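Single-structure report; data block below.
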Amino acid sequence: MMIAGIGCRRGTSAEVVMAVLEEALAAAGKAGDRPAKLATGTLKADEVGLLDAAKRLGLDLAILSDAEMDAVSDRTLTVSPHSVGHAGVSSFCEAAALAAGGASAKLLGPRHVSQGVTCALAIVEDHIEDAA
């Protein structure tokens, strides 16, 4: 399962969010793939462009608490002074993707930044254990 963590400037349109998601997927070698869900932090929980993008894509938008994002901050690949100053985590979108994916989530690479949007992709490997 792939999760896209998203951060954006206030007032960013759904079209821009979706375009940057496509850029991030292509940059990660996942062009044409689709994340299972989007994730962001409470700081962006009411961001209309992000909410609209999730709706248009037919994806759930996971809203992660500051505590959930802080708990995975040491697993991010990027340290953004802007993110630290505004959200208190090393990389807002990377932390959102990791927190939404849980303990086994791994980033595909550092965040993608374009047009005022940050996007990080995390993969969660589904392990099915034999009951035998």
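The structure presented is a predicted model; accordingly, all values stated were derived computationally and were not measured.
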Within residues 39-53 or reaching into it, pairs that qualify as salt bridge (Lys or Arg N to Asp or Glu O under 4.0 Å) - sequence neighbours excluded = R10-D46, R10-E47, D52-R56
Atom of [X], atom of [Y] and distance for their closest heavy-atom approach:
X	Y	result
C119	A24	SG-CB, 3.7 Å
A95	V72	O-CG2, 3.4 Å
Q115	E23	NE2-OE2, 3.4 Å
A97	A120	CB-O, 3.8 Å
M69	G41	SD-CA, 3.4 Å
A96	G5	CB-CA, 4.3 Å

Answer whether the closest heavy-atom distance between the side chains of L108 and K30 falls below 4.5 Å.
->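 Yes, side chains in contact.
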S114 versus H112: any side-chain heavy-atom pair under 4.5 Å?
->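 When only atoms from C-beta onward are counted, H112 and S114 do touch, with a gap below 4.5 Å.
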Side-chain donor or acceptor of [X] paired with backbone N/O of [Y] under 3.5 Å:
X	Y	value
R75	A105	yes
T42	A45	no
T40	I6	yes
E94	S91	no

Roughly how far, to the nearest 0.5 Å, is the [atom2] atom of [Y] from the [atom1] atom of [X]?
X	Y	atom1	atom2	result
I3	I123	CD1	CD1	8.5 Å
L50	I63	CG	CD1	6.5 Å
T76	F92	OG1	CZ	13.0 Å

[Y] reachable from [X] in the ILVMFWY side-chain graph, under 4.5 Å edges:
X	Y	answer
M18	M2	yes
V17	L51	yes
L121	V16	yes
L59	V20	yes

Show the numbers, then the answer: is there a side-chain contact (heavy atoms from CB on, under 4.5 Å) between V124 and M1?
-> CA-CA 5 Å; V124 178; M1 173 176 70; 4.3 Å; yes
Is atom CG of D60 surrounded by more than 12 heavy atoms (other residues, nucleotides or ligands) closer than 6.0 Å?
->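 For D60, atom CG is not crowded (no more than 12 foreign heavy atoms under 6.0 Å).
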